[in-house]
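Order of the sequence lines fixes the chain letters, A, B, ..., with proteins taken first and strands second; residue numbering starts at 1 for each chain. Scope of the values below: all heavy atoms of this structure, side chains included, with no hydrogens, waters or symmetry mates.
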Amino acid sequence: RNNFLGWSVAEILKANGYEVIKSCIVNDRGIHICKSMIAWQLFANGATPQSTNTKGDHFVGEYYVKFNDAYKKEVEELIAAGKTKDEAEKEAPIMKATQQMLLDWENGKPDVMELWKKMNGWVYEGFDVTYKMIGSDFDVTYYESKTYLLGKDIVQQGLDKKVFFKKEDGSIWIDLTAEGLDEKIVQRKDGTSVYITQDIGLALQKYEQYKIDQSIYVIGNEQNYHMKVLQLICRKLGMPNADNIFHLSYGMVELTTGKMKSREGTVVDADDLVDEMVATSKKHTEELGKVKDFNDDELKELYNTIGLGAMKFYLLRVDPKKTMVFNPEESIDFHGFTGPFVQYTYARIKSILRKNETGDGGPFATGPLFKLEKDIIVTAEQYPAAIEQACAEHNPSVIANYVFHLAKTFNSFYTEHSIANAETEYKKQLRLKLASLTANIIESGMKLLGIHVPERM
RNA sequence: GGUCCGGUAGCUCAGUUGGAUAGAGCAUCAGCCUUCUAAGCUGAGGGUCAUUGGUUCGAAUCCAAUCCGGAUCACCA
């Protein structure tokens with residue numbers, strides 16, 4: 001959802017005349033990375049994504065799970081040996097090894113760095129495959145391994161300005177109780193920075209680097225508090241970018257059975273989901289048998305277009321702010337308020353336009369219009385307003401709803417009035433114009449959602 | 001407990017700068033393919049807009065209280 005939202009909002013901003021720079025932050029360091037590394041050292045026997053024929057990011061993810069399994073087991077054993085839960089969690093050998101590895105990483109220990117680079121490389125390879133498949137791209141990528149030290153000098157300045165204060169143990173904090181929040185740490189007692197410190201530094205760096213008017217953070221609503229704190233700190237420090245920070249907060253996607261939890265395996269993997277959607281589009285297409293003359297490449301492209309279109313539309317048709325429910329059993333429908341419905345309307349119009357000669361564009365005689373003809377004109381005229389609203393609200397669902405409404409309006413007209421056998425040549429040309437207009441808007445609107453439209457389906 | 005977000009049809013969601021009989025899709029039921037692609041179209045049933053009170057000529061929409069659900073309040077990121 002994050003990816004599709006970011007993409008779509010960027011397109012919508014561009015459509016409103018803004019210049020957009022898409023950036024991505026990769027969490028490529030920290031304790032979670034070390035967990036996978038330790039588990040790989042312990043259990044892999046030198047296995048690689050190639051040797052096991054596994055996608056790189058999934059491969060590394062498997063070792064993250066293996067770490068947690070092993071860790072859990074060790075903790076249970078220690079508790080059985082008489083330790084308290086807290087002691088056991090701290091003393092488990094595999095956890096100690098992981099923490100040591102994090103220190104080694106920060107000190108740049110060669111063999112750790114080498115392993116880190118190798119495993120990260122696998123993850124990136126996997127991500128690349130997924131990003132390419134779903135049509136995602138970024139102009140800038142920030143790696144946390146390179147930005148995690150940012151913001152430390154700002155902390156020092158803040159201390160001088162008395163925005164921050166130092167506790168007896170040397171840790172540095174900001175007091176936000178006057179704003180209804182809590183005290184928040186910005187630097188550990190050992191002098192290392194925390195998450196928010198990096199964000200302060202990165203926010204300023206982005207601002208100085210690109211002179212942006214607005215910095216839009218596409219982040220889940222679980223971090224609403226964090227983003228509030230970030231903006232507040234920037235404001236208190238008098239940073240020039242403070243008011244440019246906008247948190248595009250989106251709700252989580254939940255399953256009918258409840259929240260997705262990676263540790264409990266109740267997650268729907270993006271790759272699996274896309275595969276499933278493409279397979280479903282293949283099944284439907286074959287059943288309908290309308291494209292028997294397509295060659296293999298054309299078929300593959302069509303299945304991707306429909307499958308991805310269905311998925312993206314499904315995720316973008318809901319207000320981003322809202323938590324949404326996804327039912328994996330029922331899968332995503334291809335009828336009604338869906339991507340394929342809109343794509344189908346487009347393909348049908350294109351078919352008409354191929355089969356009917358458009359006139360020389362001479363002046364239209366004025367004449368009475370049927371209600372359904374007027375409906376299309378009225379709806380088409382609303383498109384610019386929909387784009388503006390979507391932009392103002394940072395909300396692609398406005399476009400999804402609009403495009404669906406337009407497609408539905410056209411379909412009603414299509415069933416009621418023939419274009420090829422219109423009452424007069426004038427009527428025919430008028431209707432071809434309306435059809436063409438509708439197709440153009442559908443194509444444009446779907447593009448704003450990152451969805452392709454097929455010429456036939 | 002503090003802060004924030006949400007509760008609209010069986011399900012998933014629109015609609016909230018206050019305005020007429022609260023709208024879609026799915027699901028259910030009844031129709032429509034000798035005519036431009038039926039992934040479509042037409043119709044039916046289905047609602048105490050969480051509850052209560054308030055403001056108003058008028059409230060799903062604004063205010064208050066209550067109930068229910070979620071997020072968050074880490075020397076994790």
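Set against B:rA14, B:rA77, B:rC36, the side chain of A:Asp319 has B:rA14 as its closest nucleotide. When the nucleotides B:rC4, B:rU8, B:rA24 are ranked by their closest atom to the side chain of A:Lys228, B:rC4 comes out on top. Distance from the side chain of A:Arg348 is smallest to B:rU37 among B:rC73, B:rC36, B:rU37. For A:Phe337, counting side-chain heavy atoms from C-beta on, the closest listed nucleotide (B:rU42, B:rA77, B:rG25) is B:rG25. The side chain of A:Tyr414 lies closest to B:rC36, out of B:rA77, B:rC36, B:rC26. Listed nucleotides: B:rG6, B:rC36, B:rG40. Nearest to the side chain of A:Tyr344: B:rG40. Distance from the side chain of A:Val318 is smallest to B:rA14 among B:rU37, B:rA14, B:rC75. For A:Ile352, counting side-chain heavy atoms from C-beta on, the closest listed nucleotide (B:rA77, B:rG40, B:rC36) is B:rC36. Of the candidate nucleotides B:rC76, B:rA71, B:rU42, B:rA71 has the atom nearest to the side chain of A:Glu222. Residue A:Ile419 has its side chain nearest to B:rC36 when only B:rC36, B:rC13, B:rU42 are considered.
Side-chain atoms of A:Gln100 and A:Asp104 include a donor-acceptor pair closer than 3.5 Å. At a cut-off of 3.5 Å, with distance as the only test, no side-chain donor of A:Thr338 or A:Asp333 sits close to an acceptor on the other residue. Side chains of A:Tyr195 and A:Asn27: no donor on one and acceptor on the other come within 3.5 Å.
Among the atoms of the strands shown, none is found under 4.0 Å from any heavy atom of A:Ala435. Residue A:Ile306 is classed as a base contact, given a heavy-atom separation below 4.0 Å to a base. Counting non-hydrogen atoms under 4.0 angstrom, A:Ser412 reaches the backbone sugars and phosphates but no base. Residue contacts for A:Glu416: at a heavy-atom cut-off of 4.0 Å it reaches no nucleic acid atom on any strand shown. The residue A:Thr285 sits close to a base: some heavy atom pair falls under 4.0 Å. Counting non-hydrogen atoms under 4.0 angstrom, A:Lys408 reaches the backbone sugars and phosphates but no base. Nucleic acid contact class of A:Arg29 (heavy atoms, under 4.0 Å, all strands): sugar-phosphate only. A:Met457 comes within 4.0 angstrom of a base, heavy atoms only. Note on A:Lys355: only backbone sugar-phosphate atoms sit closer than 4.0 angstrom, heavy atoms only; bases stay farther off. Backbone-only engagement by A:Tyr225 is indicated by non-hydrogen atom pairs under 4.0 Å involving sugar-phosphate atoms exclusively. Within the nucleic acid shown, A:Tyr195 comes within 4.0 Å of at least one base atom, counting heavy atoms only.
One interatomic measurement links the two molecules: CD of A:Gln223 to P of B:rG70, which rounds to 20 Å at whole-angstrom precision. Rounded to whole Å, atom P of B:rA77 lies 12 Å from atom CD of A:Gln99. Protein atom CZ of A:Arg317 is 10 Å distant from nucleotide atom P of B:rC26, rounded to whole Å. As rounded to whole Å, 15 Å separates atom C1' of B:rC4 from atom CG of A:Leu232. Straight-line distance from the NZ atom of A:Lys90 to the P atom of B:rA74: 17 Å, rounded to whole Å. One atom, CE of A:Met324, and another, P of B:rC5, lie 21 Å apart when rounded to the nearest Å. Atom NE2 in A:His247 sits about 14 Å away from atom P in B:rC5, given to the nearest Å. Atom CG of A:Asn224 is separated from atom P of B:rA77 by 19 Å (rounded to the nearest Å).
The phosphate of B:rU37 has OP1 or OP2 within less than 4.0 Å of a side-chain N or O from A:Ser351. Dashed line: the shortest gap from a side-chain N or O of A:Lys322 to OP1 or OP2 of B:rU12 is not under 4.0 Å. The phosphate of B:rA77 has OP1 or OP2 within less than 4.0 Å of a side-chain N or O from A:Arg188.
Checking A:Thr338 against A:Asn356, the closest nucleotide of RNA chain B that is more toward the 5' end is the one next to A:Thr338. Between A:Ala407 and A:His226, the residue whose closest nucleotide on RNA chain B is further toward the 5' end is A:Ala407.
Rounded to whole Å, the separation between the P atoms of B:rA59 and B:rG54 comes to 12 Å. A gap of 15 Å separates the P atoms of B:rA9 and B:rU61, to the nearest Å. Atom C1' of B:rC4 sits at a distance of 44 Å from the matching atom of B:rC29, rounded to the whole Å. Distance check on atom P: B:rG18 versus B:rC62 gives 8 Å, rounded to whole Å. Taking atom C1' in both B:rU8 and B:rG15, the straight-line distance is 9 Å, to the nearest Å. Annotation: B:rC75 and B:rA71 have their C1' atoms spaced 23 Å apart (nearest Å). Between the C1' atoms of B:rG53 and B:rU48, the separation comes to 16 Å (whole Å). Here, B:rU12 and B:rC57 have their C1' atoms 37 Å apart, quoted to the whole Å.
Annotation: A:Lys166, atom NZ; neighbour count of heavy atoms from other residues, nucleotides and ligands within 6.0 Å does not exceed 12.
Searching all strands for a Watson-Crick or G-U wobble partner of B:rC67 with both distances below 3.5 Å returns B:rG7. Across all strands shown, B:rA74 forms no Watson-Crick or G-U wobble pair with both key distances under 3.5 Å. Partner assigned to B:rU17 is none, using Watson-Crick or G-U wobble distances below 3.5 angstrom.
No side-chain heavy atom of A:Ile33 sits less than 4.5 Å from a side-chain heavy atom of A:Glu144.
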query = Could you walk me through whether A:Phe246 and A:Tyr217 pass the ring-ring contact (aromatic ring centres under 6.0 Å, His included) check?
reply = CA-CA 6 Å; A:Phe246 176 80; A:Tyr217 291 73; 9.6 Å; no
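Among A:Tyr64, A:Tyr71, A:Tyr63, the single residue meeting the ring-ring contact (aromatic ring centres under 6.0 Å, His included) criterion with A:Phe67 is A:Tyr71.
B:rC67 takes the anti form, because its glycosidic angle lies more than 90° either side of 0.
The heavy-atom pair separating A:Asp319 from A:Arg1 by the smallest distance is O-NH2, 3.1 Å.
With hydrogens and angles ignored, the 3.5 Å screen pairs no side-chain donor or acceptor of A:Ser8 with any backbone N or O of A:Phe4.
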